[in-house]
Every structure is written in structure tokens, then in C-alpha cells.
Amino acid sequence: MNYEEIEVFIEERISMYLMLLKITPNLKGYKYFKECIKQIYLDSTKKFNIQEKLYNKIAEKYQEKAYNIDRSLRHAIVVSASKDGIADFEKYMHFEFYNEKPSPRELLCVLVEKVIVDSKKMLANKSQVLSRWREALIV
């Protein structure tokens with residue numbers, strides 16, 4: 001299995017979880033969530049300093065202010081909560097957030113952990129998972 005297949009698998013998982021949360025691609029928070037999850041996946045120390053390290057790095061990439069990144073993520077969470085996306089996520093994943101609306105940090109950490117677990121499962125059973133995954137993409 002090559003790096004590109006793993007990268008595509010991770011991208012697909014992130015998109016699937018964001019769609020389950022009903023965070024749609026028309027929101028700025030969607031692309032910021034995707035980028036944050038990828039950054040934390042690659043360097044797990046960033047989850048301990050989200051506001052200082054992570055937001056600043058993403059703000060530089062998109063030529064935004066770190067405050068706008070945080071505000072977009074919070075707006076995406078509010079939209080998700082208003083569409084019952086968070087409740088659906090909790091029901092489907094058998095997981096419960098501490099509050100009705102999680103903070104961006106809490107949601108990011110949960111999503112990163114889900115992606116890490118999924119990618120480790122895929123690597124452990126790569127032939128079976130990859131064949132089912134490719135079949136699902138072809139359909």
C-alpha cells in the first residue's frame with residue numbers, strides 16, 4: 001500500500017465524518033476542519049496547543065487571521081447542532097460529547113482519534129479493507 005492510498009483513505013474518512021455531522025462543503029469551517037484534522041493527524045502535539053500552533057499555521061496557509069479560523073469552526077458547529085448533526089454523530093458513533101455543542105478543540109480531537117483508529121484498522125487488515133473500499137468507490 002502506498003502513501004497516496006492512505007492519504008486518499010484519510011481524506012475520505014474526514015469527509016465522511018464531517019458529512020455525518022452535517023457540516024457541508026459550502027461552509028468555510030468545512031475546509032478548516034479538514035485542514036486541522038490533517039495537521040493534527042500528522043503531528044499529534046498540535047492538539048495540545050490548538051490556538052497558538054494550529055490556528056496560526058492554517059491562518060498563514062489561507063491568509064486569514066487565527067481568530068477567523070476559530071470563528072468559522074464555531075459557526076460550523078452551530079450549524080451542525082441546528083441540523084441535529086451532532087446528535088446523529090453521537091448516535092452513530094456511540095459517543096457522547098460533554099455539552100450539547102462541543103468546542104472546536106473537543107470535536108477536532110474526537111475526529112482525529114476516529115481517523116487514527118480507522119487508518120490503523122485499515123493498515124492491519126489492508127487487503128480486505130482496501131478491496132471493499134475500492135469497490136465502494138467504483139460504484
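Listed by first and then second residue, the side chain to side chain donor-acceptor pair (under 3.5 Å) pairs that reach into residues 83-101 are Lys22-Asp88, sequence neighbours excluded. Applying the side chain to side chain donor-acceptor pair (under 3.5 Å) rule to pairs touching residues 58-76 yields Glu35-Lys61, Tyr55-Asp70, Glu64-Asn68, Asn68-Arg71, Asp70-Arg74, sequence neighbours excluded.
Residues passing the side-chain hydrogen bond (donor to acceptor under 3.5 Å, both in side chains) test with Thr24, sequence neighbours excluded: Asn26. With sequence neighbours excluded, no residue forms a side-chain hydrogen bond (donor to acceptor under 3.5 Å, both in side chains) with Lys114. Partners of Asn56 under the side chain to side chain contact (heavy atoms under 4.5 Å, CB included) rule, at least two apart in sequence or in another chain, are Ala66. Contacts of Glu11 classified as salt bridge (charged side-chain N to carboxylate O under 4.0 Å, His left out), with partners at least two apart in sequence or in another chain: Lys34, Lys38. Remark: Ser82 pairs with no residue by the side-chain hydrogen bond (donor to acceptor under 3.5 Å, both in side chains) rule, at least two apart or across chains. Applying the side-chain hydrogen bond (donor to acceptor under 3.5 Å, both in side chains) criterion to Arg105, with sequence neighbours excluded, gives no partner residue.
Side-chain contact between Leu21 and Phe33 is absent, with no heavy atoms from C-beta onward closer than 4.5 Å. A 4.5 Å side-chain heavy-atom check between Cys36 and Leu73 finds at least one atom pair inside the cut-off. For the pair Pro25/Lys31, no side-chain contact is recorded, criterion being any heavy-atom separation below 4.5 Å from C-beta on.
For the atom pair CD1 (Ile116) and CD1 (Ile40), the distance works out to 9.0 Å, reported to the nearest 0.5 Å. Atom OH in Tyr30 sits 13.0 Å away from atom OG in Ser80 (nearest 0.5 Å). One finds the OH atom of Tyr32 at 14.5 Å from the CD1 atom of Ile23 (value rounded to the nearest 0.5 Å). One finds the CG atom of Leu107 at 5.0 Å from the CD1 atom of Ile77 (value rounded to the nearest 0.5 Å).
Considering every non-hydrogen atom in both Pro102 and Ile86, the closest pair reads CD-CD1, 3.4 Å.
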Next item on the list: Kindly determine whether Tyr17 and Ile37 satisfy side-chain contact (heavy atoms from CB on, under 4.5 Å), including the steps that lead there.
Entry: CA-CA 11 Å; Tyr17 290 137; Ile37 292 167; over 6 Å; no
Check: What do the steps show when you test Leu111 against Leu18 for side-chain contact (heavy atoms from CB on, under 4.5 Å), and what is the final call?
Finding: CA-CA 9 Å; Leu111 292 173; Leu18 290 176; 4.1 Å; yes
Checklist line | side-chain contact (heavy atoms from CB on, under 4.5 Å) evaluation trace for Ser119 with Tyr41 | finding: CA-CA 10 Å; Ser119 62; Tyr41 181 85; 3.1 Å; yes
Notebook entry, point to check: Is there a side-chain contact (heavy atoms from CB on, under 4.5 Å) between Asp118 and Phe9 once you walk through the steps?
Noted result: CA-CA 9 Å; Asp118 288 348; Phe9 179 80; 4.3 Å; yes
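No continuous path of ILVMFWY side-chain contacts below 4.5 Å connects Val8 to Val117, so the two sit in separate hydrophobic clusters. No single ILVMFWY cluster, assembled from side-chain heavy atoms under 4.5 Å apart, contains both Val78 and Leu27.
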